[in-house]
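Written below as C-alpha coordinates is the structure these notes are about.
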Amino acid sequence: MYRCKNCDFAFTAPLPPAEEFEVFYEEDYTDSEDWRTRNRLSVNEYWSHLRPFFPDKPFRFLEVGGAFGHFSAKVKSDTEASVVMLECGKSAANHARDELGLEVVQSFYENYHPVKKFDIIFSAHVIEHVRDVRAYFEHSAKMLNPGGSTILITPNGGAWKFRFFGASWCWASTEHLHFLSPKSARLLAGQTGFKDCISRALRPSHWRYPGFLIGFVSRWKNLWKYRAITQPDQLLTAAPAASDKTRSKVGRVFYWLNRWAGVEQRILTPVDVVLGGDELLVCATLPTAGL
(Lines give C-alpha, C1' and ligand atoms only; values in the text may rest on other atoms or scores of the structure.)
Protein backbone atom coordinates (compact mmCIF):
# COMPACT_ATOMS: atom_id res chain seq x y z
CA MET A 1 0.00 0.00 0.00
CA TYR A 2 1.34 3.44 -0.98
CA ARG A 3 0.19 6.92 0.03
CA CYS A 4 0.64 10.36 -1.51
CA LYS A 5 2.07 12.76 1.08
CA ASN A 6 0.38 15.76 -0.58
CA CYS A 7 -3.23 14.57 -0.96
CA ASP A 8 -3.53 11.34 1.13
CA PHE A 9 -4.58 9.26 -1.89
CA ALA A 10 -3.63 5.64 -1.10
CA PHE A 11 -3.35 2.72 -3.50
CA THR A 12 -2.22 -0.89 -3.86
CA ALA A 13 0.46 -1.97 -6.31
CA PRO A 14 0.70 -4.15 -8.27
CA LEU A 15 -2.96 -4.60 -9.21
CA PRO A 16 -4.49 -8.10 -9.44
CA PRO A 17 -4.73 -9.63 -12.94
CA ALA A 18 -7.78 -8.36 -14.85
CA GLU A 19 -9.10 -11.88 -15.53
CA GLU A 20 -9.13 -12.86 -11.85
CA PHE A 21 -10.62 -9.49 -10.95
CA GLU A 22 -13.62 -9.90 -13.29
CA VAL A 23 -14.39 -13.50 -12.34
CA PHE A 24 -14.27 -12.67 -8.62
CA TYR A 25 -16.88 -9.91 -8.87
CA GLU A 26 -19.12 -11.67 -11.39
CA GLU A 27 -19.42 -14.87 -9.40
CA ASP A 28 -18.60 -14.60 -5.74
CA TYR A 29 -18.43 -11.16 -4.19
CA THR A 30 -22.10 -10.37 -3.53
CA ASP A 31 -23.31 -13.97 -3.44
CA SER A 32 -23.98 -14.23 0.31
CA GLU A 33 -26.70 -13.65 2.87
CA ASP A 34 -24.40 -11.19 4.64
CA TRP A 35 -24.27 -9.01 1.53
CA ARG A 36 -28.05 -9.12 1.20
CA THR A 37 -28.45 -8.00 4.82
CA ARG A 38 -25.90 -5.18 4.52
CA ASN A 39 -27.54 -3.95 1.32
CA ARG A 40 -30.92 -3.76 3.05
CA LEU A 41 -29.64 -2.13 6.24
CA SER A 42 -27.75 0.60 4.36
CA VAL A 43 -30.84 2.05 2.66
CA ASN A 44 -31.93 4.67 5.21
CA GLU A 45 -28.39 5.79 5.98
CA TYR A 46 -27.52 6.30 2.30
CA TRP A 47 -30.87 7.99 1.72
CA SER A 48 -30.15 10.59 4.40
CA HIS A 49 -26.84 11.44 2.71
CA LEU A 50 -28.13 11.56 -0.87
CA ARG A 51 -31.59 13.11 -0.59
CA PRO A 52 -30.27 16.72 -0.38
CA PHE A 53 -28.56 16.26 -3.77
CA PHE A 54 -31.65 15.02 -5.64
CA PRO A 55 -33.45 17.51 -7.93
CA ASP A 56 -37.06 18.44 -7.15
CA LYS A 57 -38.25 17.24 -10.55
CA PRO A 58 -38.13 14.01 -12.56
CA PHE A 59 -34.56 12.84 -13.13
CA ARG A 60 -32.59 9.85 -14.39
CA PHE A 61 -30.74 7.90 -11.68
CA LEU A 62 -28.07 5.22 -12.05
CA GLU A 63 -26.73 3.18 -9.15
CA VAL A 64 -23.40 1.49 -9.87
CA GLY A 65 -22.82 -1.73 -7.96
CA GLY A 66 -26.26 -1.71 -6.38
CA ALA A 67 -26.00 -5.36 -5.23
CA PHE A 68 -29.47 -6.70 -4.36
CA GLY A 69 -31.17 -3.43 -5.29
CA HIS A 70 -32.67 -2.20 -2.02
CA PHE A 71 -31.40 1.38 -2.32
CA SER A 72 -32.42 1.71 -5.98
CA ALA A 73 -35.87 0.42 -5.02
CA LYS A 74 -36.10 3.16 -2.37
CA VAL A 75 -35.19 5.86 -4.91
CA LYS A 76 -37.72 4.47 -7.38
CA SER A 77 -40.55 4.41 -4.82
CA ASP A 78 -39.86 7.75 -3.09
CA THR A 79 -38.89 10.05 -5.97
CA GLU A 80 -39.89 10.78 -9.55
CA ALA A 81 -36.67 9.24 -10.80
CA SER A 82 -36.26 6.87 -13.71
CA VAL A 83 -33.97 4.29 -12.08
CA VAL A 84 -31.39 1.98 -13.64
CA MET A 85 -29.15 -0.27 -11.55
CA LEU A 86 -25.81 -1.68 -12.67
CA GLU A 87 -24.52 -4.84 -10.97
CA CYS A 88 -21.92 -7.35 -12.15
CA GLY A 89 -22.82 -10.10 -9.66
CA LYS A 90 -25.25 -12.58 -11.20
CA SER A 91 -27.29 -13.60 -8.15
CA ALA A 92 -27.62 -10.03 -6.84
CA ALA A 93 -28.61 -8.67 -10.26
CA ASN A 94 -31.24 -11.40 -10.67
CA HIS A 95 -32.72 -10.61 -7.24
CA ALA A 96 -32.99 -6.89 -7.99
CA ARG A 97 -34.62 -7.59 -11.34
CA ASP A 98 -36.93 -10.46 -10.42
CA GLU A 99 -37.87 -9.65 -6.82
CA LEU A 100 -37.80 -5.83 -6.79
CA GLY A 101 -38.82 -5.14 -10.37
CA LEU A 102 -35.86 -2.88 -11.15
CA GLU A 103 -34.30 -2.19 -14.52
CA VAL A 104 -30.97 -3.94 -14.07
CA VAL A 105 -27.97 -4.15 -16.36
CA GLN A 106 -25.49 -6.88 -15.46
CA SER A 107 -22.19 -5.33 -16.47
CA PHE A 108 -19.02 -3.70 -15.25
CA TYR A 109 -19.20 0.08 -15.21
CA GLU A 110 -16.53 0.68 -17.83
CA ASN A 111 -18.39 -1.56 -20.29
CA TYR A 112 -21.74 0.24 -19.90
CA HIS A 113 -22.60 2.78 -22.60
CA PRO A 114 -26.29 3.79 -22.37
CA VAL A 115 -28.15 5.67 -25.08
CA LYS A 116 -29.66 8.18 -22.64
CA LYS A 117 -27.56 10.05 -20.08
CA PHE A 118 -28.24 10.40 -16.35
CA ASP A 119 -28.67 13.26 -13.89
CA ILE A 120 -27.35 11.38 -10.84
CA ILE A 121 -24.86 8.50 -10.78
CA PHE A 122 -24.37 6.95 -7.34
CA SER A 123 -22.11 4.25 -5.98
CA ALA A 124 -21.49 3.12 -2.40
CA HIS A 125 -18.30 1.26 -1.58
CA VAL A 126 -17.53 0.58 -5.22
CA ILE A 127 -14.75 2.93 -6.33
CA GLU A 128 -12.25 1.45 -3.88
CA HIS A 129 -12.58 -1.81 -5.84
CA VAL A 130 -12.06 -0.46 -9.38
CA ARG A 131 -8.75 -0.80 -11.20
CA ASP A 132 -8.65 2.78 -12.55
CA VAL A 133 -10.14 5.56 -10.40
CA ARG A 134 -9.48 8.31 -12.96
CA ALA A 135 -11.26 6.27 -15.65
CA TYR A 136 -14.27 5.96 -13.32
CA PHE A 137 -14.57 9.75 -13.04
CA GLU A 138 -14.01 10.22 -16.79
CA HIS A 139 -16.66 7.63 -17.64
CA SER A 140 -19.11 9.26 -15.23
CA ALA A 141 -18.55 12.67 -16.85
CA LYS A 142 -19.42 11.18 -20.27
CA MET A 143 -22.63 9.57 -18.96
CA LEU A 144 -24.04 12.62 -17.15
CA ASN A 145 -26.25 15.38 -18.49
CA PRO A 146 -24.94 18.97 -18.10
CA GLY A 147 -25.21 19.91 -14.43
CA GLY A 148 -25.39 16.23 -13.44
CA SER A 149 -23.57 14.78 -10.44
CA THR A 150 -21.68 11.62 -9.57
CA ILE A 151 -21.99 10.80 -5.86
CA LEU A 152 -19.70 8.38 -4.06
CA ILE A 153 -19.59 6.88 -0.59
CA THR A 154 -16.28 5.15 0.03
CA PRO A 155 -13.71 4.48 2.78
CA ASN A 156 -11.88 7.68 3.63
CA GLY A 157 -8.20 7.55 2.65
CA GLY A 158 -7.65 10.52 4.96
CA ALA A 159 -9.15 8.81 8.02
CA TRP A 160 -6.90 9.18 11.03
CA LYS A 161 -7.17 5.48 11.93
CA PHE A 162 -5.96 4.56 8.44
CA ARG A 163 -2.98 6.91 8.74
CA PHE A 164 -2.16 5.62 12.24
CA PHE A 165 -2.85 1.89 11.96
CA GLY A 166 -2.39 1.17 8.24
CA ALA A 167 -3.35 -2.41 7.36
CA SER A 168 -4.98 -2.93 10.76
CA TRP A 169 -7.74 -0.51 9.73
CA CYS A 170 -10.62 -2.83 8.91
CA TRP A 171 -11.30 -1.29 5.47
CA ALA A 172 -7.67 -1.70 4.37
CA SER A 173 -8.59 -5.12 2.99
CA THR A 174 -6.97 -6.89 0.06
CA GLU A 175 -9.85 -6.26 -2.37
CA HIS A 176 -9.70 -2.50 -1.76
CA LEU A 177 -7.27 -1.13 -4.34
CA HIS A 178 -7.65 2.66 -3.97
CA PHE A 179 -8.61 5.06 -1.19
CA LEU A 180 -9.78 8.58 -2.00
CA SER A 181 -9.31 11.34 0.54
CA PRO A 182 -11.26 14.65 0.61
CA LYS A 183 -8.38 16.47 -1.10
CA SER A 184 -7.59 13.81 -3.71
CA ALA A 185 -11.30 13.51 -4.62
CA ARG A 186 -11.50 17.25 -5.31
CA LEU A 187 -8.28 17.18 -7.35
CA LEU A 188 -9.42 14.20 -9.41
CA ALA A 189 -12.87 15.70 -10.05
CA GLY A 190 -11.30 18.94 -11.27
CA GLN A 191 -8.97 17.05 -13.61
CA THR A 192 -11.79 15.04 -15.22
CA GLY A 193 -14.21 17.81 -16.19
CA PHE A 194 -16.26 18.42 -13.06
CA LYS A 195 -16.88 22.02 -12.03
CA ASP A 196 -17.73 21.62 -8.35
CA CYS A 197 -16.87 18.91 -5.86
CA ILE A 198 -18.10 18.46 -2.30
CA SER A 199 -16.06 15.95 -0.29
CA ARG A 200 -16.44 15.42 3.43
CA ALA A 201 -15.77 12.76 6.04
CA LEU A 202 -18.65 10.71 7.44
CA ARG A 203 -19.02 8.50 10.46
CA PRO A 204 -20.54 5.15 9.41
CA SER A 205 -23.29 3.51 11.42
CA HIS A 206 -22.43 1.03 14.18
CA TRP A 207 -23.03 -2.07 12.08
CA ARG A 208 -20.62 -0.84 9.35
CA TYR A 209 -18.09 0.76 11.68
CA PRO A 210 -14.54 -0.42 10.81
CA GLY A 211 -13.18 -0.99 14.29
CA PHE A 212 -9.44 -1.14 14.85
CA LEU A 213 -9.61 -4.30 16.97
CA ILE A 214 -11.72 -6.13 14.37
CA GLY A 215 -9.22 -5.19 11.68
CA PHE A 216 -6.27 -6.32 13.77
CA VAL A 217 -7.76 -9.72 14.57
CA SER A 218 -8.92 -10.17 10.96
CA ARG A 219 -5.33 -9.76 9.77
CA TRP A 220 -4.13 -12.19 12.43
CA LYS A 221 -6.78 -14.75 11.42
CA ASN A 222 -5.82 -14.50 7.74
CA LEU A 223 -2.15 -14.91 8.63
CA TRP A 224 -2.98 -18.03 10.60
CA LYS A 225 -4.90 -19.44 7.62
CA TYR A 226 -1.96 -18.68 5.34
CA ARG A 227 0.48 -20.50 7.57
CA ALA A 228 -1.88 -23.46 7.87
CA ILE A 229 -1.81 -24.15 4.11
CA THR A 230 1.92 -23.65 3.62
CA GLN A 231 3.16 -26.50 5.78
CA PRO A 232 5.56 -28.69 3.73
CA ASP A 233 3.13 -31.61 3.41
CA GLN A 234 0.23 -29.35 2.30
CA LEU A 235 1.83 -27.18 -0.38
CA LEU A 236 0.06 -28.94 -3.24
CA THR A 237 -3.26 -29.55 -1.50
CA ALA A 238 -6.22 -27.41 -0.59
CA ALA A 239 -6.41 -25.96 2.89
CA PRO A 240 -8.05 -28.34 5.34
CA ALA A 241 -11.64 -27.40 6.07
CA ALA A 242 -12.25 -25.91 9.48
CA SER A 243 -14.34 -28.01 11.82
CA ASP A 244 -17.75 -26.86 13.01
CA LYS A 245 -16.22 -26.39 16.46
CA THR A 246 -13.50 -24.10 15.07
CA ARG A 247 -16.03 -22.10 13.06
CA SER A 248 -18.24 -21.63 16.12
CA LYS A 249 -15.28 -20.35 18.14
CA VAL A 250 -14.36 -17.87 15.40
CA GLY A 251 -18.00 -16.79 15.19
CA ARG A 252 -18.13 -16.12 18.93
CA VAL A 253 -14.90 -14.10 18.79
CA PHE A 254 -16.21 -11.90 16.01
CA TYR A 255 -19.59 -11.52 17.71
CA TRP A 256 -17.89 -9.96 20.74
CA LEU A 257 -15.55 -7.92 18.56
CA ASN A 258 -18.55 -6.44 16.79
CA ARG A 259 -20.10 -5.64 20.16
CA TRP A 260 -16.84 -3.92 21.14
CA ALA A 261 -16.87 -1.91 17.89
CA GLY A 262 -19.95 -0.06 19.15
CA VAL A 263 -18.15 0.87 22.36
CA GLU A 264 -15.05 1.88 20.42
CA GLN A 265 -17.15 4.03 18.10
CA ARG A 266 -18.70 5.95 21.01
CA ILE A 267 -15.34 6.41 22.75
CA LEU A 268 -13.71 7.77 19.59
CA THR A 269 -16.56 10.07 18.53
CA PRO A 270 -14.82 13.28 19.65
CA VAL A 271 -11.63 12.24 17.86
CA ASP A 272 -13.52 11.44 14.64
CA VAL A 273 -15.25 14.82 14.76
CA VAL A 274 -11.91 16.63 14.97
CA LEU A 275 -9.70 14.42 12.78
CA GLY A 276 -12.23 12.96 10.31
CA GLY A 277 -14.39 9.84 10.18
CA ASP A 278 -13.77 6.55 8.41
CA GLU A 279 -16.10 7.11 5.47
CA LEU A 280 -16.07 9.72 2.68
CA LEU A 281 -18.93 11.37 0.79
CA VAL A 282 -18.05 12.86 -2.60
CA CYS A 283 -20.43 14.77 -4.88
CA ALA A 284 -18.83 16.01 -8.13
CA THR A 285 -21.00 18.12 -10.44
CA LEU A 286 -20.56 18.93 -14.13
CA PRO A 287 -20.92 22.49 -15.48
CA THR A 288 -24.41 23.34 -16.72
CA ALA A 289 -25.01 23.77 -20.45
CA GLY A 290 -23.48 26.89 -21.95
CA LEU A 291 -20.81 27.38 -19.27
Side-chain angles (χ1 to χ4, degrees), residues 15-16 18 20-43 45-47 49-50 53 60-76 81 83-100 102-114 118-144 148-157 171 173-180 185 188 202 204 208 210 279-284:
L15 294 175
E20 296 179 11
F21 182 85
E22 292 182 2
V23 170
F24 176 64
Y25 286 107
E26 281 184 345
E27 300 289 348
D28 300 325
Y29 193 70
T30 56
D31 190 15
S32 70
E33 191 60 36
D34 177 59
W35 247 107
R36 190 188 301 259
T37 301
R38 285 191 286 168
N39 189 237
R40 187 178 67 253
L41 290 175
S42 65
V43 170
E45 186 178 359
Y46 291 165
W47 177 260
H49 295 317
L50 263 69
F53 298 106
R60 280 180 53 77
F61 176 87
L62 172 67
E63 183 179 10
V64 180
F68 291 90
H70 293 288
F71 184 75
S72 283
K74 170 78 170 175
V75 175
K76 182 179 178 181
V83 175
V84 179
M85 195 192 87
L86 198 67
E87 171 57 46
C88 57
K90 294 177 182 178
S91 60
N94 289 337
H95 177 273
R97 183 187 300 111
D98 299 339
E99 302 297 326
L100 301 181
L102 294 170
E103 181 181 345
V104 180
V105 178
Q106 188 185 333
S107 172
F108 287 93
Y109 189 44
E110 62 269 23
N111 299 329
Y112 180 51
H113 303 282
F118 295 91
D119 300 296
I120 300 285
I121 297 175
F122 168 63
S123 67
H125 288 265
V126 170
I127 199 167
E128 64 269 23
H129 297 267
V130 305
R131 295 174 61 82
D132 190 335
V133 176
R134 180 182 293 274
Y136 183 99
F137 275 82
E138 291 172 341
H139 194 50
S140 296
K142 292 176 182 176
M143 296 212 302
L144 286 166
S149 299
T150 183
I151 304 173
L152 314 169
I153 293 177
T154 183
N156 179 13
W171 274 336
S173 55
T174 54
E175 68 269 23
H176 291 172
L177 309 180
H178 301 97
F179 293 93
L180 288 170
L188 195 54
L202 302 174
R208 289 191 302 108
E279 211 163 34
L280 182 68
L281 171 71
V282 179
C283 178

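Nearest heavy atom pair, residue Leu102 against residue Gly69, reads CD1-O, 3.4 Å. The two residues Gly157 and Phe179 come nearest to each other via the heavy atoms CA-CB, 3.7 Å. For the pair Ser140 and Ile121, the tightest heavy-atom approach, listed with the atom from each and the gap, is O-CD1, 4.0 Å. Of all non-hydrogen atoms in Glu87 and Ala93, the two that sit nearest each other are CG-N, 3.9 Å. Residues Ala185 and Val282 share a closest heavy-atom pair of CB-CG2, 3.8 Å. For the residue pair Met85 and Ala96, the shortest heavy atom distance occurs at CE-CB, 3.6 Å.
Proximity of a side-chain donor or acceptor of Asn156 to a complementary backbone N or O of Leu202 within less than 3.5 Å is not detected. In this structure, His49 contributes its side chain and Leu281 its backbone to no donor-acceptor pair below 3.5 Å. Formation of a donor-acceptor pair under 3.5 Å by the His70 side chain with backbone atoms of Val43 is not found in this model. Put simply, the side chain of Glu63 never gets that close to the backbone of Phe122: no donor and acceptor are under 3.5 Å apart. Not one N or O on the side chain of Asn39 forms a donor-acceptor pair closer than 3.5 Å with the backbone of Ala67. Using a distance-only test at 3.5 Å, with no hydrogens or angles considered, a donor-acceptor pair links the side chain of His178 to the main chain of Val130.
Looking only at atom types and distance, the side chain of Thr150 has no donor-acceptor partner in the side chain of Tyr136 under 3.5 Å away.
Considering only heavy atoms from C-beta on, His176 comes within 4.5 Å of His129 through its side chain. Ile127 has its side chain out of reach of Tyr109: every pair of non-hydrogen atoms, C-beta onward, lies at least 4.5 Å apart. Side-chain contact between Leu280 and Leu152: absent, with no pair of heavy atoms (C-beta onward) separated by less than 4.5 Å. The closest side-chain heavy-atom distance from Tyr112 to Met143 is below 4.5 Å. The side-chain heavy atoms of Val75 and Trp47, taken from C-beta on, include a pair separated by under 4.5 Å. Put simply, the side chain of Glu279 reaches to within 4.5 Å of the side chain of His125, judged on heavy atoms.
Rounding to the nearest 0.5 Å places CZ of Phe137 at 11.5 Å from CG of Asp132. Rounding to the nearest 0.5 Å gives a distance of 14.5 Å between CZ of Arg40 and NZ of Lys74. The CG atom of Leu86 lies 10.0 Å from the OG atom of Ser72; values are rounded to the nearest 0.5 Å. In this structure, the separation between CD on Glu110 and CZ on Arg131 is 9.5 Å, given to the nearest 0.5 Å. For the atom pair NE2 (His113) and OG (Ser107), the distance works out to 8.0 Å, reported to the nearest 0.5 Å. The CZ atom of Phe61 sits 13.0 Å away from the NZ atom of Lys76 when rounded to the nearest 0.5 Å.
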### Task
Could you walk me through whether Phe71 and Leu50 pass the side-chain contact (heavy atoms from CB on, under 4.5 Å) test, one step at a time?
CA-CA 11 Å; Phe71 184 75; Leu50 263 69; 3.9 Å; yes
### Task
Output, in order, the C-alpha distance, side-chain angles, deciding distance and verdict of side-chain contact (heavy atoms from CB on, under 4.5 Å) for His95 and Leu100.
CA-CA 7 Å; His95 177 273; Leu100 301 181; 4.2 Å; yes
